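Reviewing the structure listed below.
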Amino acid sequence: MLKRILLIYNPNSGFFVDRAKREIKAYFQDLASRHGQVNITPVELTRGQNRRIKTALADPDLDAAWVAGGDGTMTSVVRMAAGLAVPIGILPCGTMNLLARDLGMNLNVETAVSQLINAD
């Protein structure tokens, strides 16, 4: 089971617009903790954060990185993670969520968290 998760999210995605930063961590921590002991570390995908995100993605103690946003957010993070061994999970928090749809992710965020936690 996953234990240390980096949550990379786009604060401009519709899902996050009305949520305060502190609420985002608590929301995802609560969802993940329903499935066992999980530590979520959120980081915004905003200008100037690329170096911080790349360093966090390279952490050997990281179990997975979850990307919450739309297709553009996913593309940005996948590029940063290229060549690293960290598994990437998709949380459909964008407008169209085409990649999440193509991969069979549930478009309900709570269900998608459960899918990621229980993935082999």
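On a predicted model such as this, the values are computed, not experimentally measured, just so you know.
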Quick check: do Leu7 and Leu91 have side-chain heavy atoms less than 4.5 Å from each other? yes

Closest non-hydrogen atom pair, Gly69 against Met74: O-CE, 3.4 Å

Check side chain to side chain contact (heavy atoms under 4.5 Å, CB included) between Leu107 and all other residues, then give those that pass, not counting sequence neighbours. Pro92, Asn97, Ala100, Arg101

From the list Tyr27, Phe15, Phe16, ring-ring contact (aromatic ring centres under 6.0 Å, His included) with Tyr9 holds only for Phe16

Within-4.5 Å side-chain heavy-atom neighbours: Asn106 and Gln115: yes

Ile8 vs Trp66, test: side chain to side chain contact (heavy atoms under 4.5 Å, CB included). Steps then yes/no. CA-CA 6 Å; Ile8 304 165; Trp66 290 355; over 6 Å; no

Give the minimum heavy-atom separation between Ala81 and Ile88, together with the two atoms involved. CB-CD1, 4.0 Å

Side chain to side chain, Leu45 and Ser76, heavy atoms closer than 4.5 Å: yes

Nearest heavy-atom contact between Ala56 and Leu6 is CB-CD2, 3.6 Å

Nearest-0.5 Å distance, CD of residue Glu110 to CG of residue Leu31: 5.0 Å

What is the distance from atom OG of Ser114 to atom CG of Asn108, rounded to the nearest 0.5 Å? 10.0 Å

Thr75 and Asp71: side-chain donor and acceptor closer than 3.5 Å? no

Rounded to the nearest 0.5 Å, how far apart are CG of Asp30 and CD1 of Ile40? 10.5 Å

Rounded to the nearest 0.5 Å, how far apart are CZ of Arg52 and CG of Leu57? 11.5 Å

Are the side chains of Lys3 and Asn39 in contact, using a 4.5 Å heavy-atom criterion? no

Mind checking whether Leu84 and Lys54 have side chains closer than 4.5 Å, heavy atoms only? no

Phe28 vs Val109, test: side chain to side chain contact (heavy atoms under 4.5 Å, CB included). Steps then yes/no. CA-CA 9 Å; Phe28 284 101; Val109 175; 3.7 Å; yes

Could you tell me whether the side chain of Glu44 and the main chain of Asn12 form a donor-acceptor pair under 3.5 Å? no

Would you kindly confirm whether Val78 and Leu103 end up in one hydrophobic cluster when ILVMFWY residues are joined by side chain heavy atoms under 4.5 Å apart? no

Looking only at non-hydrogen atoms, find the nearest pair between Ala68 and Cys93 and report the distance. CB-SG, 3.8 Å

Short N-O contact, Arg4 and Asp59, less than 4.0 angstrom: yes

Output for pair (Thr111 OG1, Leu116 CG), nearest 0.5 Å, gives 11.0 Å

